[in-house]
Amino acid sequence: MQFLLMIYSNEQDDAARSDDDNKAIFQAYTDFTAGIVKDGKFKAGDALLPTSAAQTVRVRDGKVITTDGPFAETREQLGGYYLVDAKDIDEACAIAAKIPTAKHGSVEVRPLMQWES
């Protein structure tokens, strides 16, 4: 089964981190990613640019409306994701708990919908 692990943290807190702390977090992500690749759990993953680079698109009455930034004002912002293979949600949550940002942010674990062919 595949699960999307969505990584949330506070962008202002992230920007305030020292270079040494950023290097340590980057290394922790490198190590985490190498581990799930080695275990055959990794399907995809990437970091996202800050919400200031995002746009939200809506279609209302046939008209496309584009606004700068994310749709919702929240304390934590989506900063990246992993798509993993896991036998069940418990295993997916165990993988998510090892993501470095889980120590100061949060990781939403969501199963992908299974489509019947």
Side-chain angles (χ1 to χ4, degrees):
M1 215 174 153
Q2 291 186 351
F3 294 85
L4 187 63
L5 312 180
M6 294 171 279
I7 304 163
Y8 292 89
S9 64
N10 184 295
E11 288 179 347
Q12 291 178 340
D13 293 347
D14 294 345
R17 268 197 307 268
S18 71
D19 286 343
D20 286 342
D21 286 344
N22 281 330
K23 286 177 187 173
I25 287 173
F26 182 78
Q27 185 61 54
Y29 267 99
T30 300
D31 295 344
F32 169 76
T33 303
I36 63 173
V37 167
K38 181 181 174 218
D39 292 342
K41 302 296 181 185
F42 179 84
K43 300 302 277 181
D46 237 317
L48 301 174
L49 288 173
T51 55
S52 60
Q55 291 198 338
T56 299
V57 177
R58 297 176 190 81
V59 178
R60 300 293 185 266
D61 299 319
K63 186 175 183 177
V64 176
I65 303 164
T66 306
T67 54
D68 291 339
F71 173 69
E73 292 292 328
T74 61
R75 191 173 105 57
E76 295 181 330
Q77 294 76 38
L78 179 63
Y81 70 93
Y82 284 96
L83 179 62
V84 299
D85 260 332
K87 67 180 178 185
D88 56 29
I89 197 156
D90 293 333
E91 182 181 28
C93 287
I95 294 168
K98 296 175 185 173
I99 293 175
T101 301
K103 293 177 183 164
H104 65 269
S106 61
V107 180
E108 180 181 347
V109 177
R110 179 118 29 119
L112 269 62
M113 188 175 289
Q114 301 291 312
W115 296 100
E116 300 206 18
S117 43

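Hydrogens, waters and symmetry mates play no part in the numbers below; they use all other heavy atoms, side chains included.
- Taken from CG in L5 to NZ in K43, the straight-line distance is 13.5 Å, to the nearest 0.5 Å.
- In this structure, I36 and V84 have side chains that are in contact, with non-hydrogen atoms separated by less than 4.5 Å.
- Side-chain contact between Y8 and E108 is present, with at least one heavy-atom pair separated by less than 4.5 Å.
- In this structure the side chain of L112 reaches within 4.5 angstrom of the side chain of L83, judged on heavy atoms.
- With rounding to the nearest 0.5 angstrom, the CD atom of Q77 is 8.0 Å from the CG atom of D14.
- Between the side chains of T101 and Y29, at least one donor-acceptor pair of N or O atoms lies under 3.5 Å.
- A 4.5 Å side-chain heavy-atom check between H104 and I25 finds at least one atom pair inside the cut-off.
- Scanning both residues, V107 and A102, for their nearest heavy atoms gives CG2-CB, 4.0 Å.
- Closest approach of A92 to V109, counting heavy atoms only: CB-CG1, 3.7 Å.
- Under the 4.5 Å side-chain heavy-atom criterion for Ile, Leu, Val, Met, Phe, Trp and Tyr, I99 and F42 are members of the same hydrophobic cluster.
- Side-chain atoms of D61 never come within 3.5 Å of backbone atoms of K63 as a donor-acceptor pair (strictly under, hydrogens ignored).
- The stretch residues 81-101 participates, sequence neighbours left out, in these ring pair (Phe, Tyr, Trp, His ring centres under 6.0 Å) pairs: F32-Y82.
- Of the possible polar contacts, none joining the T51 side chain to the A54 backbone as a donor-acceptor pair under 3.5 Å is found.
- A86 and I95 make their closest contact through CB-CD1, 4.5 Å (heavy atoms, listed as atom of the first residue, atom of the second, distance).
- Considering OG1 of T66 and CD of Q55, their distance stands at 6.0 Å, rounded to 0.5 Å.
- The neighbour count for R17 CZ, taken as heavy atoms of other residues, nucleotides or ligands under 6.0 Å away, is above 12.
- Rounding to the nearest 0.5 Å gives a distance of 12.0 Å between NZ of K98 and NZ of K103.
- Under the 4.5 Å side-chain contact rule for hydrophobic residues, M6 and I89 do not share a cluster.
- Taking 4.5 Å as the limit, every side-chain heavy atom of M1 sits out of range of all side-chain heavy atoms of E91.
- With a 4.5 Å cut-off on side-chain heavy atoms, E76 and E11 do not count as touching.
- D39 places no side-chain N or O within 3.5 Å of a backbone atom of K41 that could act as its donor or acceptor partner.
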